[in-house]
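Just so we're on the same page: letters track the sequence lines, and every chain starts at 1. All values below were derived from every heavy atom in this structure, side-chain atoms included, with hydrogens, water molecules and symmetry-related copies excluded.
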Amino acid sequence: MGETVQKPTVPEQAGAPAVESTAKREPLLEVDHVTLRFGGVVALNDVNFTLYKGEILGLIGPNGAGKTTCFNAMTGIYQPSEGEIRFRGERITGKKKHHITKMGMARTFQNIRLFPEMTALENIQVGADAHHKTSVLSALFRLPRHRREERDGLEKAERLLEFVGIPHRMHDAARNLSYGEQRRLEIARALATDPVLLCLDEPAAGFNPAEKEELLQLIRKIRDQGITVLLIEHDMRLVMGVTDRIVVLEFGKKIADGLPAEVREDHRVIAAYLGVPDDDAA
Amino acid sequence: MNFNALFSDFGGYTITGLTVGAIYALVALGYTLVYGVLRLINFAHSEVFIAGAFAAIWGWAALGLDRDSVASGFGSIMLYLLVGALIAAVASAGTATVVERVAYRPLRKRNAPPLAFLITAIGASIAIAEAFGIYTRRLPVGAPTIVKPDLVLFEVAGTEVTMVQVLVIVSALAMMVALDLFINRSRIGRGIRAVAQDQNTAALMGINKDRIILVVFIIGGVMAGVAGMLYDIRIGTLTYSVGFLLGLKAFTAAVLGGIGNLRGALVGGLLLGLVENYASALFGANWKDLVAFVVLVVLLMFRPTGLLGESLGRARA
């Protein structure tokens, strides 16, 4: 399970676990030897992995391991100092945020970032607006196509509220929703942009076990719709229960990449999470 | 204090105050919209207003109306009003767009500090005003008489209400209701509110921030342009430098109502117009600006975020 340190010249093969046949799998998001520095601090150090279409990938690591930094780089908020990130084969470095969203990547936030003063329905409508094609002018004059898109957006928003299980909060301002409802609303809003890839940043933070179980079911339901899911989490049990594959970061470096069962047995992962006596560490 | 003057024609001072206030309110919307989205005071907005006011006069001139012309006939008056409003709105929206593209967007791209925006705003304001000043040789430009100023439409409790006053107040109110609906009901309005609440999240939801910002400048421009035309009709003459004080008062109105708050702009504008007019009755016309700004200072001491509070995002919920 040890990490190979050499830099392969063909990035597609890099980071792919040996146990899996990658032939039939289509890469969706490729993190290609990404290094990210903030001043003198190296937040990500040569991180390299691939996310394949249709899977649920867990990105885990102890607090401060660089999970959210990695996530922000993947969603275009941070620019890698070295290396690049490709989404659907296209380089996303330097692309505008709204373009990346339109390419099919959606995300939620570790600290909830809804539009607090809008209703639940409106929050989702904003997400649904991403794919509307009508111009400012046709919106001003309420042309039929614009009206159709508005209607579709509304129906979609209602469907998504149902999907995440909070249809009864439709007309309430987002700030008045409970914590768990806000998390669900954020997922619904992200889904409204019609993503191929949904990135969830610690969606279970602050959840009790029952809520976590419901969240797991929701994530599976999302995957069953054909949406690839990237899940950042430090709750190991949650990650083990739902992911197809796991990438582990520690101090900005990837220390493991494989099936949940393999990662669980990996001594470096155990060490990172539990800490080990000095003589035991390699 | 001359209470006699005020109470002998209280209705007249009120209606005049509301008329002046309606123009302040229309201009105030531009300050408030831009502030709501960018947290930036667009000091060049007074010149956005001036551009519309000049454009309307020149537009009428192109239609053959000079300063001594008097329009007659309901149909042609309506036509002149519509054409004037359209030209003014386009000119003001265009000016606002240029200001955003030249003075603000390049700074935004470079993450300039707020102070830099303030300086380019003042710079753009002076440059545009001076350009109009040079072009008009710093002389007042007369507007044609589209609506006769002494035309009394009706009388309420002994107060005569003129056609001009009704026109200004009604068109200002109509535009504000339309804007309020647009912001609260339409997709673009939703986008504007989203950007006002959280720019980065809005961008991650697929909203093109720069486009929303442009739309906001254009809407502010349209409102200011129409205000410019209404100003021409009410005053009948236009000098390049009137934008400064009027812009400052409209800005005051926006702060008074709660900057970033659309309905606040309306409340602030009307209130400022009324206070000003009552003050000119009580203390004499010379005192009206002094009193108006003292009222602003006192009011802000008690309600620092203005009468209705700040927030464009909270336009609804």
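- For B:Gln197 (side chain) and A:Glu117 (main-chain N/O), a donor-acceptor pair under 3.5 Å exists by modelled atom type.
- Put simply, the side chain of A:Asp129 does not reach to within 4.5 Å of the side chain of B:Ile207, judged on heavy atoms.
- Residues A:Phe109 and B:Leu204 come closest through the heavy atom pair CZ-CD1, 3.3 Å.
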Exercise. Stepwise, does the side-chain contact (heavy atoms from CB on, under 4.5 Å) test hold for B:Met205 with A:Thr101?
Worked result: CA-CA 6 Å; B:Met205 290 304 131; A:Thr101 304; 5.6 Å; no
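- In terms of heavy atoms, B:Arg190 sits closest to A:Glu122 at CD-O, 4.1 Å.
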Problem set entry | Stepwise side-chain contact (heavy atoms from CB on, under 4.5 Å) check, B:Thr201 with A:Arg189 | CA-CA 11 Å; B:Thr201 308; A:Arg189 184 180 65 175; 3.3 Å; yes
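- In this structure, NZ in A:Lys102 is found 6.5 Å from CG in B:Asn208, a value given to the nearest 0.5 Å.
- The distance from the NZ atom of B:Lys209 to the NZ atom of A:Lys96 is 9.0 Å, given to the nearest 0.5 Å.
- By number of non-hydrogen pairs under 4.5 angstrom with chain B, the leading residue of A:Arg113, A:Lys97, A:Arg107, A:His99 is A:Arg113.
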